[in-house]
Amino acid sequence: MASRTPQDTSRQARIAEMRRAEKTRDRRNKILAITVSTAVVAGLVGFGAWVLIDQKQQEKDDEAARKAPVSGEQDWDAKKLGRNHVETPVKYEMNPPVGGDHHPRWMNCNGDVYKNPVPEVNAVHSLEHGAVWVTYNEKAAKGDLDKLAETVGKTPYTLMSPVKEQTGAIMLSAWGKQLTVDNAADPRVAQFFTKYVQGPQTPEPGAACTNGVADK
């Protein structure tokens, strides 16, 4: 058998050292991969739990808003509000109206924002279907109107239009319910939406808010 030269011994030592270094690097990479994976999984689990908790809290807040009275709102006896379909003019006791006899066709109220006044007799029909009607006059600030229009635009069963003769700058109406506020930041606005969009006051819940009158 040929004897090993110093060069062979040195080369084998280097190879062995390289193998040890490679094994060490592999172990380190595996540990790093496991650590990162564990952290990612923990983060996803934590985020999922946070989302779930946040969702549950939002549901509790919404339920509380639906049960709590809206401070300052006006209330009419829904049983005394007419619900006949008529095609003749109707004189309402409040402005904007919150109920009463109305036209057979409703105003589209699938988040519709109208730049011009809409016929009251059609808007009242929308309220019968569970819509919230946001109205305003020249006293309302443009920034508030932009914010309200954004909210209405993404909320089914709502509509918005100007009513020049109303007393308040901004008014929110549902069937038998009405609230006057000075600005869009008033927390009662969100509460009114939560409580009355398809709320318990609705005479015809689930009825259509599309395929009606769309005079924009």
Quiz prompt | Reference residue Q166; test side chain to side chain donor-acceptor pair (under 3.5 Å); the match among T180, N137, N95, T135 | solution = T135
Quiz item: Quick one: OH on Y92 to CG on D101, what's the gap to the nearest 0.5 Å?
Solution: 7.0 Å
Practice problem: Report yes or no: do V163 and M171 belong to one cluster of Ile/Leu/Val/Met/Phe/Trp/Tyr joined by side chain heavy-atom distances under 4.5 Å? | Solution: no
Quiz item: Under 4.5 Å between side-chain heavy atoms, hopping through other hydrophobics if needed: is there a path connecting V132 to M160?
Solution: yes
Quiz prompt | Exercise: identify the closest heavy-atom pair between A174 and Q201 | solution = CB-NE2, 3.9 Å
Self-check item: Straight-line distance of K147 NZ to I170 CD1, nearest 0.5 Å
Solution: 10.0 Å
Quiz item: Should we count CG of N84 as having more than 12 external heavy atoms under 6.0 Å?
Solution: yes
Quiz prompt | Working for side chain to side chain contact (heavy atoms under 4.5 Å, CB included), residues L172 and V181 | solution = CA-CA 8 Å; L172 288 78; V181 297; 4.3 Å; yes
Quiz item: Say you draw a straight line from CG of L159 to CH2 of W106; how long is it, rounded to the nearest 0.5 Å?
Solution: 13.5 Å
Quiz item: Are side-chain heavy atoms of L179 and R188 found at a separation under 4.5 Å?
Solution: yes
Quiz item: If only atom types and distance count, is the side chain of N29 paired as donor or acceptor with the main-chain N or O of L32 below 3.5 Å?
Solution: no
Quiz item: So which heavy atom on R105 is nearest to which on G212, and how close?
Solution: NH2-O, 2.8 Å
Self-check item: 4.5 Å side-chain heavy-atom contact, E138 and K164
Solution: yes
Quiz item: Between H103 and H85, is any pair of side-chain heavy atoms under 4.5 Å apart?
Solution: no
Exercise. Determine whether the side chains of S161 and W133 contain a donor N or O and an acceptor N or O closer than 3.5 Å.
Key: yes
Quiz item: Within a strict 4.5 Å, meaning less than it, do heavy atoms of the K177 and V98 side chains meet?
Solution: no
Quiz item: Charged N to carboxylate O under 4.0 angstrom, K79 versus D77?
Solution: no
Self-check item: Side-chain heavy atoms of T38 within contact of V41, under 4.5 Å
Solution: no
Quiz item: Just by distance, with hydrogens left out, do Q191 and Y196 show a side-chain donor and acceptor under 3.5 Å apart?
Solution: no
Self-check item: Distance in Å, E150 CD paired with L145 CG, rounded so as to fall on 0.5 Å steps
Solution: 13.0 Å
Quiz item: How long is the span from the CD atom in E73 to the CD atom in Q178, to the nearest 0.5 Å?
Solution: 10.0 Å
Practice problem: Look up atom OG1 in T202 and atom CG in L127, then write down how far apart they are to the nearest 0.5 Å. | Solution: 9.5 Å
Quiz item: Considering only heavy atoms from C-beta outward, does the side chain of T158 approach that of T151 to under 4.5 Å?
Solution: no
Quiz item: Can you tell me if D144 uses its side chain to pair, donor with acceptor, with the backbone of N183 under 3.5 Å?
Solution: no
Self-check item: Electrostatic pair E204-R83, nearest N-O below 4.0 angstrom
Solution: yes
Quiz item: Which atom pair, heavy atoms only, marks the closest approach of V113 to G153?
Solution: CG2-N, 4.5 Å
Quiz item: Counting N and O atoms only, with roles assigned by atom type, does the side chain of N110 sit under 3.5 Å from a partner on the main chain of P156, one being a donor and the other an acceptor?
Solution: no
Self-check item: Smallest separation among heavy atoms of Y136 and Y114, with atom names
Solution: OH-O, 4.1 Å
Practice problem: For S126 and M107, work out which heavy atoms get closest and say how close. | Solution: OG-O, 2.7 Å
Practice problem: May I ask you to say whether D26 pairs ionically with K30, meaning some side-chain N is under 4.0 Å from a carboxylate O? | Solution: no
Exercise. Taking the side chain as every heavy atom from C-beta outward, state whether W175 and H129 have any pair of such atoms under 4.5 Å apart.
Key: no
Quiz item: Can you find a heavy atom in the side chain of T24 that is under 4.5 Å from one in the side chain of R27?
Solution: yes
Self-check item: Any donor-acceptor N/O pair, E120 side chain to P97 backbone, under 3.5 Å
Solution: no
Quiz item: Looking only at heavy atoms, what is the nearest atom pair of F193 and V134, with distance?
Solution: CZ-CG2, 3.7 Å
Practice problem: Please check if atom CG in D182 has more than 12 non-hydrogen atoms from other residues, nucleotides or ligands closer than 6.0 Å. | Solution: no
